[in-house]
Amino acid sequence: MYSGAISVADLPGGLDLQATLESGQTYLWWREDGNCFEDDEPAGSDAWYRTTAQDPHTGEEGVLRARQREGCLEWEATVDAGPVLTRRLRLEDDLPAIRSEAPEDDHLLARSYDAYWGMRLVAEPVFPTLVTFICSAQMRVERIHEMQQSLRTAFGDPVSFRGETVRTYPEPETIAATSEARLRDLGLGYRAPYVLATAEMVAEGTADPLAARDLPYEEAREYLTRFVGVGEKVADCVLLFSLDFLEAVPLDTWIRKAIARWYPDCDRGSYGATSAAIRERLGGRYAGYAQTYLFHFLRHAEESVLA
DNA sequence: TAGATACCTTATAG
DNA sequence: ACTATAAGGTATC
């Protein structure tokens with residue numbers, strides 16, 4: 001068993017682990033206390049969060065848990081999780097420098113940054129990210145989590161951790177080997193054939209989602225839409241939350257509402273043109289950071305405070 | 001190329 | 001109880 005503690009004071013801009021993991025960027029973590037990211041979540045939690053991860057040295061899939069308490073990010077794992085956390089929670093991102101590129105006269109954005117300061121984007125493994133966001137279509141956040149846990153239970157490999165059995169996220173080959181009916185039984189609905197077809201494409205090497213990383217942003221978005229069930233919005237999510245495209249701004253229902261209300265001149269009709277306009281408005285190369293703070297703030301703010 | 005519609009499933013509002 | 005509606009959209013026509 002490995003363990004460690006990372007001083008939050010040493011991270012540029014600090015850390016808000018709860019906001020980072022419960023802001024709808026990733027569906028690959030869950031709370032040890034079983035409180036599955038419900039709406040009435042109290043803020044400031046020091047709960048343990050769990051996920052599975054690959055050991056950076058051996059490639060072995062293991063389990064890790066982490067919590068933020070007393071100025072530290074504490075972790076325990078069956079693998080060497082220090083580098084994993086640094087990567088997946090983007091602990092090296094310089095938040096003050098990133099925020100400094102946001103428009104200064106944007107009151108709503110400033111309040112969003114203030115409300116959840118320390119929240120970081122994530123950099124999750126690409127195949128699970130692809131599948132989870134295919135699953136996210138027309139789905140509530142809580143149910144997206146449930147679907148991922150169902151996939152783990154049905155197809156993941158067991159790993160023993162603290163006397164319990166935890167399931168890894170299934171590999172493309174494993175999902176590709178199942179049936180659409182089986183996936184529908186897990187509650188995926190019309191997303192079942194999408195997940196199956198995309199897993200087949202990745203398993204067979206028809207296309208490699210990692211290849212998008214080497215393309216210019218808009219070409220990368222176009223590339224990812226070749227996967228079944230992946231449109232422009234899901235492609236943007238994968239680029240932002242897995243492939244280091246910090247300028248990506250996924251146009252989901254919340255951001256579309258925000259555009260209609262606060263950035264109406266950025267609505268250019270098509271996804272691509274609107275996306276370009278809002279990216280420019282939110283600060284260009286770090287627009288995805290701004291998007292994520294706005295998204296989290298708007299989802300949790302009462303209507304009265306948005307006046 | 002742009003616009004309309006169907007689609008699984010669940011939860012909530014009326 | 002029962003229907004309409006919406007939930008981090010996409011594929012198809």
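The structure displayed is predicted, hence computed values, not measured ones. Every chain is numbered from 1, with letters handed out A, B, ... down the list of sequences.
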| Presence of salt bridge, Glu74(A) and Arg65(A), under 4.0 angstrom | no
| task | Quote, to the nearest angstrom, the P distance that separates dG8(C) from dT5(B). | result | 23 Å
Please tabulate, for side-chain N and O atoms in residues 199-214 of chain A, each donor-acceptor pair with protein atoms closer than 3.5 Å (sequence neighbours left out).
from: Asp208(A); atom 1: OD1; to: Leu210(A); atom 2: N; distance (Å): 2.9
from: Arg213(A); atom 1: NH1; to: Asp244(A); atom 2: OD2; distance (Å): 2.7

| Pairwise salt bridge (Lys or Arg N to Asp or Glu O under 4.0 Å) hits with a residue in residues 154-164 of chain A, at least two apart | Arg50(A)-Glu164(A), Glu76(A)-Arg162(A)
| message | Between Val79(A) and Leu89(A), is there shared hydrophobic-cluster membership here, with clusters defined by ILVMFWY side-chain heavy atoms closer than 4.5 Å? | response | no
| Using atom P of each nucleotide, how far apart are dA1(C) and dT9(B) to the nearest Å? | 23 Å
| field | Sidechain-backbone polar pair: Thr78(A) side chain, Val63(A) backbone, donor-acceptor under 3.5 Å | value | yes
| note | Expected list for residues 197-205 of chain A near DNA chain C, using heavy atoms below 4.0 Å, is none
| query | Quick check, are the ring centers of Phe133(A) and Tyr27(A) under 6.0 angstrom apart? | reply | yes
| message | Between Asp265(A) and Arg281(A), does any side-chain N to carboxylate O distance fall below 4.0 Å? | response | yes
| DNA chain C-proximal residues of residues 217-234 of chain A, any heavy atom under 4.0 Å | Phe227(A), Val228(A), Gly229(A), Val230(A), Gly231(A), Glu232(A), Lys233(A), Val234(A)
| remark: Here the residues of residues 239-257 of chain A within 4.0 Å heavy-atom distance, strictly under, of DNA chain C are Asp252(A), Thr253(A), Trp254(A), Lys257(A)
| Among all residues two or more places apart in sequence or in another chain, which pass the salt bridge (Lys or Arg N to Asp or Glu O under 4.0 Å) test with Arg88(A)? | Glu124(A)
| task | Sequence neighbours left out, what pairs pass salt bridge (Lys or Arg N to Asp or Glu O under 4.0 Å) with at least one residue falling in residues 11-21 of chain A? | result | none
| said: So Arg279(A) and Tyr217(A), do their side chains get closer than 4.5 Å, heavy atoms only? | reply: yes
| message | I want to check something: taking the side chain as every heavy atom from C-beta on, are Thr52(A) and Leu64(A) in contact at a cut-off of under 4.5 Å? | response | no
| message | Please check this pair: side chain of Arg261(A) against backbone of Ala258(A), looking for a donor-acceptor N/O pair closer than 3.5 Å. | response | no
| query | Going by atom types alone, do Tyr263(A) and Asp106(A) pair a side-chain donor with an acceptor below 3.5 Å? | reply | yes
| query | Could you write out DNA chain C as a dot-bracket string, with dots for unpaired bases, | for bases paired across to another strand, and Watson-Crick or G-U pairs counted at under 3.5 Å? | reply | .||||||.|||||
| Pairing residues for Arg221(A) by the salt bridge (Lys or Arg N to Asp or Glu O under 4.0 Å) criterion, not counting sequence neighbours | Asp236(A)
| request: Report, as a single string ordered 5' to 3', how protein heavy atoms within less than 4.0 Å touch nucleotides 4-14 of chain B: B base, S sugar-phosphate only, - not at all. | output: ---BBBSB---
| Interface residues of residues 264-277 of chain A with DNA chain B (non-hydrogen, below 4.0 angstrom) | none
| request: Kindly compute the distance separating CH2 (Trp254(A)) from CG (Leu294(A)), expressed to the nearest 0.5 Å. | output: 12.5 Å
| request: Taking Thr225(A) for its side chain and Glu232(A) for its backbone only, find out whether a donor-acceptor pair lies under 3.5 Å. | output: no
| Nearest-Å distance once atom P is located in both dA11(B) and dT10(C) | 23 Å
| remark: Note: chain A reaches DNA chain C at heavy-atom distances under 4.0 Å over the stretch, first to last nt, 5' to 3', of dA6(C) to dA11(C)
| task | Give a yes-or-no answer on whether the side chains of Tyr49(A) and Glu32(A) include a donor-acceptor pair shorter than 3.5 Å. | result | no
| request: Can you tell me, in whole Å, how much space there is between the P of dA4(C) and that of dA6(B)? | output: 14 Å
| query | Does Arg99(A) count as lying over the ring of Trp117(A), i.e. NZ or CZ under 6.0 Å from the six-ring centre, within 45 degrees of the axis? | reply | yes
| field | Polar contact flag, side-chain donor to acceptor under 3.5 angstrom, Thr292(A)-Arg120(A) | value | no
| side-chain hydrogen bond (donor to acceptor under 3.5 Å, both in side chains) assessment of Arg268(A) paired with Ser275(A) | CA-CA 8 Å; Arg268(A) 307 292 167 84; Ser275(A) 168; over 6 Å; no
